[in-house]
Amino acid sequence: MAGLLACAPVRAEPAHVALQAGQWGLGTSAEHQLSMQLELRPGVRWWWVRPTGGLLQSTDGTQYVFVGALLEIPIVWGVTLSPAFAPGIRTVAGTRNFGSALLFKSSIELGLPIAPGLRALVGFAHISNGKLATPNPGIEILSVGVELALE
């Protein structure tokens with residue numbers, strides 16, 4: 001895999017910053033809170049793969065710092081569908097016991113162009129310890145936000 005990425009053309013473009021807010025905990029049995037996420041998407045990509053990193057904070061007290069990869073798949077009229085995977089560290093424990101400080105965030109996001117350099121985002125994410133520890137309750141997040149080109 002590393003060999004494939006090394007041979008792939010690297011495209012430089014503006015870095016982006018994404019700010020999202022949403023529902024922390026979905027379903028009737030989940031504790032419902034608010035989450036905020038600030039994410040930096042550097043201005044490099046290999047094919048459709050872009051690195052990403054950020055900070056997620058929930059009102060239950062959980063703070064999660066992550067670094068991963070985002071796959072930006074163009075759909076039509078500038079719309080993108082972006083699955084992502086980002087391992088990270090829970091730097092502050094909230095009321096929810098994730099069983100581990102090492103957590104994994106998998107997500108999917110729909111990006112809609114609003115204006116040049118500005119996109120609206122709708123996303124769904126799941127965070128859990130990936131069965132590294134017990135308990136492994138996980139949490140789901142439904143969010144909306146914006147992505148701004150830093151140019």
Side-chain angles (χ1 to χ4, degrees), residues 1-27 30 33-58 62-94 96 98-133 136-151:
M1 180 71 170
L4 279 174
L5 288 177
C7 297
V10 176
R11 282 191 332 203
E13 54 187 55
H16 290 80
V17 65
L19 179 62
Q20 298 181 55
Q23 174 89 26
W24 170 269
L26 302 176
Q33 301 285 336
L34 173 68
S35 71
M36 295 286 294
Q37 178 175 296
L38 181 63
E39 188 173 348
L40 177 64
R41 299 169 179 181
V44 296
R45 68 168 68 208
W46 299 273
W47 291 305
W48 294 338
V49 179
R50 171 177 280 198
T52 184
L55 169 72
L56 185 141
Q57 176 74 52
S58 75
T62 300
Q63 191 175 75
Y64 174 66
V65 177
F66 59 90
V67 175
L70 180 76
L71 181 64
E72 291 182 337
I73 303 166
I75 305 294
V76 65
W77 302 307
V79 175
T80 57
L81 184 65
S82 303
F85 178 74
I89 301 293
R90 184 187 59 191
T91 55
V92 177
R96 187 170 194 85
F98 283 98
S100 172
L102 176 61
L103 299 174
F104 303 95
K105 180 172 86 112
S106 52
S107 62
I108 190 148
E109 176 183 279
L110 186 66
L112 308 158
I114 298 173
L118 183 64
R119 304 173 61 73
L121 305 173
V122 177
F124 174 80
H126 173 78
I127 298 175
S128 74
N129 68 32
K131 297 187 181 181
L132 293 178
N136 182 25
I139 193 87
E140 287 75 34
I141 304 164
L142 184 60
S143 62
V144 294
V146 293
E147 178 187 69
L148 177 66
L150 299 176
E151 180 178 85

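FYI, side chains are in, hydrogens and waters are out, and symmetry mates aren't considered; it's all heavy atoms of this structure.
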Taking the side chain as everything from C-beta on, heavy atoms only, tell me whether [X] gets closer than 4.5 Å to [Y].
{"X": "Leu121", "Y": "Val144", "value": "no"}
{"X": "Leu103", "Y": "Ser128", "value": "no"}
{"X": "Glu39", "Y": "Leu56", "value": "no"}
{"X": "Pro51", "Y": "Val44", "value": "yes"}

Which atoms form the tightest heavy-atom contact between [X] and [Y], and what is the distance?
{"X": "His16", "Y": "Ala149", "value": "CD2-CA, 3.5 Å"}
{"X": "Ser143", "Y": "Gln20", "value": "OG-OE1, 2.9 Å"}
{"X": "Pro87", "Y": "Tyr64", "value": "C-OH, 3.5 Å"}

Taking only residues at least two apart or on different chains, which pairs with a member in residues 79-94 satisfy salt bridge (Lys or Arg N to Asp or Glu O under 4.0 Å)?
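Those involving residues 79-94 do not exist here.
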
Test: salt bridge (Lys or Arg N to Asp or Glu O under 4.0 Å). Region: residues 113-126. Which pairs qualify, not counting sequence neighbours?
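Sorted result for residues 113-126: Arg119-Glu147.
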
Classify the ring geometry of Phe104 against Phe85: parallel below 30°, tilted from 30° to 60°, perpendicular beyond 60°.
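Correct class here is parallel.
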
Residues which pass side-chain contact (heavy atoms from CB on, under 4.5 Å) with Ala101, listed by chain and number, not counting sequence neighbours
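Ala101 satisfies side-chain contact (heavy atoms from CB on, under 4.5 Å) with no other residue.
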
Would you compute the distance between atom [atom1] of [X] and atom [atom2] of [Y] and round it to the nearest 0.5 angstrom?
{"X": "Ile127", "Y": "Thr62", "atom1": "CD1", "atom2": "OG1", "result": "8.5 Å"}
{"X": "Ser35", "Y": "Ile139", "atom1": "OG", "atom2": "CD1", "result": "9.0 Å"}
{"X": "Gln57", "Y": "Gln37", "atom1": "CD", "atom2": "CD", "result": "11.5 Å"}
{"X": "Leu40", "Y": "Leu55", "atom1": "CG", "atom2": "CG", "result": "12.0 Å"}
{"X": "Leu71", "Y": "Arg50", "atom1": "CG", "atom2": "CZ", "result": "11.5 Å"}
{"X": "Ile141", "Y": "Gln23", "atom1": "CD1", "atom2": "CD", "result": "10.0 Å"}

Trace of the side chain to side chain contact (heavy atoms under 4.5 Å, CB included) decision for Thr80 with Trp48:
CA-CA 10 Å; Thr80 57; Trp48 294 338; over 6 Å; no

Has Glu72 got a side-chain atom pairing as donor or acceptor with Val49's backbone, closer than 3.5 angstrom?
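Looks like no, no N/O pair under 3.5 Å.
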
Would you mind checking if Glu109 and Arg41 are paired as a salt bridge, meaning a charged N to carboxylate O distance below 4.0 Å?
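The answer is yes: the pair qualifies as a salt bridge.
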
